[in-house]
Amino acid sequence: MALGSSDIDLYESEDPIWNPALLTIPIPGIRKMVNLASSLDDVIHLSIGQPDLPAPDVVVEASIEALRAGQTGYTMDAGMPELLESLAEYYSERYQRPLTPDNIMVTTGATEAIYLALTAVAAPGRHFIVPDPAFMLYAPLIRMNGGEVTEITTRAENNHQLDPQEVIDAIEPHTHAIVLNSPSNPTGTLYPRETLEAILEEAAYRGIHVISDEVYDHLIYDGREYPSVLSCCSDLDHVMVVSSFSKTYSMAGMRIGWLIGSQAAIKKLRRYHMFTTTVANTPFQWAGVAALRSGGAFIEQMLSEYTRRRDRLVELVEQTPHLTGYKPEGAFYLFPSLPEGVNGTNVALRLLKETGVCTIPGETFGNSCSNALRLSYSTSLERIEQAFERIIPWMEKQDFD
């Protein structure tokens, strides 16, 4: 696929004005596929990683009320006190762990929180451990700041579970941090408590940080309990947890996230935050307060709908030649694999051009999964059915031997 001039300027230019570290940032596979899809007609997206359900009325009304009340100025740099207090109360009650507003910093979405956490600790000579596949932000941000990355491969036949012993065995004398993401983007895998406890115990013993991306912490299926790092660690001295309202309350475009850590870490990161985005969006911080106070009705409705979609998508993948799937326990992704040696990027491009179904190739998320596709079920059940009415006959015609 040909790149536009803006893509080349941003990612490929060797003009000496640019920091060479920018060359460590890959051209996002998601953006390439979505851009190509925008030039085609009648495309069904199994690509988009954001909720399709509308935000709750209480969230929308709180945003409007804040705007009408003139809440359009800066807040405190760490976040609006009302939101910090609400988050501290919420997490203290959810995980029976006392937190104060000084343990939390509000950010411009979880993306900024991840950026701050990783770039504040990554440096030349520091080693990081990251699952593979994983959300595409982690490894490039580490490498951009001179850090080294070891990727721990997971497989579809094992539901992409992370083996804690493999993580522990990968620890080196200069290992500085371990990055976790549960439920995972792109796999939807939920790490069990024993996995987290084993990693956290070893990390604490060796003085290694654990940075946990928990933005999908409410998208947990089949009545399972969510084992947050916050409920598994002995203290916060070497732990940072990232989350947001984006997936839980369909507030992706409102860009309100946060980072939880020790008071010392948050104090340090507040200063860094002031030099990046200064403060998060003020009216939508009020919307976040309303979301936390609204109860769980919206989340229950959302989970019911996503469960229906997940179960049907699992069935459809099982019926599709050349795809090996599994049953994800969280988020809204399935990451089935194609036969060994098949190039998932070529398959994704051909699927899009020949059937009009947009998926995301596995290599977007790591080096070990080039024969995979990410399927998002954050679209209607009707659209999922229509997509596979195209995918299954197309796959039946393929010969990947």
Side-chain angles (χ1 to χ4, degrees), residues 1-35 49 77 105 107-153 170-181 185-186 208-213 215 238 240 242 244 255 257 259 261 265-266 268-278 280 345 360-370:
M1 171 182 154
L3 298 175
S5 60
S6 62
D7 290 325
I8 293 171
D9 287 345
L10 182 59
Y11 296 105
E12 301 296 334
S13 173
E14 296 183 3
D15 190 314
I17 191 174
W18 302 117
N19 184 338
L22 288 178
L23 295 175
T24 67
I25 302 175
I27 301 171
I30 295 174
R31 183 54 47 201
K32 285 199 293 186
M33 294 300 296
V34 172
N35 285 351
D77 55 274
M105 181 177 67
T107 58
T108 302
T111 299
E112 190 208 354
I114 294 167
Y115 174 86
L116 294 177
L118 290 176
T119 60
V121 299
R126 291 183 173 182
H127 174 246
F128 291 73
I129 298 172
V130 177
D132 184 350
F135 184 48
M136 58 195 177
L137 229 59
Y138 311 141
L141 284 177
I142 294 165
R143 293 186 175 115
M144 184 178 176
N145 285 270
E148 304 170 22
V149 177
T150 293
E151 293 158 332
I152 306 298
T153 301
I171 294 175
E172 300 180 8
H174 63 308
T175 298
H176 193 73
I178 299 166
V179 180
L180 301 175
N181 176 210
N185 175 8
I208 295 169
H209 285 76
V210 173
I211 300 170
S212 182
D213 179 353
V215 297
H238 293 89
M240 287 187 274
V242 170
S244 79
R255 311 309 302 135
L259 194 149
I266 296 301
K268 180 74 70 175
L269 287 168
R270 280 177 61 180
R271 182 167 61 182
Y272 189 17
H273 169 63
M274 290 171 64
F275 279 81
T276 52
T277 61
T278 308
T345 299
I360 304 301
E363 69 176 4
T364 301
F365 306 98
N367 296 317
S368 70
C369 45
S370 61

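By convention here, the first residue in the shown sequence is residue 1.
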State, to 0.1 Å, how close Ala280 and Thr108 come at their nearest heavy-atom pair, and which atoms those are.
-> CA-OG1, 4.0 Å
Do you know the tightest heavy-atom contact between Val242 and Ala113?
-> CG1-CB, 3.8 Å
From CZ (Phe135) to CG (Asn181), nearest 0.5 Å | 8.5 Å
Check whether any side-chain heavy atom of Val130 lies under 4.5 Å from a side-chain heavy atom of Ile152, and answer yes or no.
-> no
Check side-chain contact (heavy atoms from CB on, under 4.5 Å) between Leu269 and all other residues, then give those that pass, not counting sequence neighbours.
-> Met105, Leu116, Ala120, Met240, Leu259, Tyr272
Met33 versus Pro361, closest heavy-atom pair with distance | CG-CD, 3.7 Å
Closest approach of Ala139 to Glu151 (non-hydrogen atoms, all atoms of both residues) = CB-OE2, 4.4 Å
Quick one: side-chain hydrogen bond (donor to acceptor under 3.5 Å, both in side chains) partners of Thr276, sequence neighbours excluded?
-> Glu112
Which distance, rounded to the nearest 0.5 Å, do you find between the OG1 of Thr278 and the NE2 of His273?
-> 7.0 Å
Run the numbers on Ile129 and Thr175 for side-chain contact (heavy atoms from CB on, under 4.5 Å), then give the verdict.
-> CA-CA 8 Å; Ile129 298 172; Thr175 298; 4.1 Å; yes
Check side-chain hydrogen bond (donor to acceptor under 3.5 Å, both in side chains) between Arg126 and all other residues, then give those that pass, not counting sequence neighbours.
-> His176
Identify, with sequence neighbours excluded, every residue that meets side-chain hydrogen bond (donor to acceptor under 3.5 Å, both in side chains) alongside Asn145.
-> none
Do the side-chain N and O atoms of His127 and Thr150 include a donor-acceptor pair separated by under 3.5 angstrom?
-> yes
Rounded distance (nearest 0.5 Å) linking atom OH of Tyr115 with atom CG of Leu137 | 10.5 Å
How long is the gap from CZ on Phe128 to CZ on Arg143, to the nearest 0.5 Å?
-> 11.5 Å
Rounded to the nearest 0.5 angstrom, the OH-CG distance for Tyr138 and Leu118 is 8.5 Å
So do Ile208 and His238 actually touch side chain to side chain, heavy atoms under 4.5 Å?
-> no
Which heavy atom in Ile211 sits nearest to a heavy atom in Ala177, and how many Å separate them?
-> CD1-CB, 4.4 Å
For Glu363, the side-chain hydrogen bond (donor to acceptor under 3.5 Å, both in side chains) test, sequence neighbours excluded, returns Thr345
What residues, two or more places apart in sequence or in another chain, satisfy salt bridge (charged side-chain N to carboxylate O under 4.0 Å, His left out) together with Arg270?
-> Asp77
Heavy-atom distance under 4.5 Å between the side chains of Asp213 and Ile114, does that happen here?
-> yes
How long is the span from the CG atom in Asn19 to the CE atom in Met144, to the nearest 0.5 Å?
-> 6.0 Å
So, for Pro133 and Pro186, which heavy atoms are closest and what is the spacing to 0.1 Å?
-> CB-CG, 3.9 Å
Residue pair Ser368 / Asp132, side-chain donor-acceptor N/O under 3.5 Å | yes
Stepwise side-chain contact (heavy atoms from CB on, under 4.5 Å) test for Thr107 and Arg255 | CA-CA 8 Å; Thr107 58; Arg255 311 309 302 135; over 6 Å; no
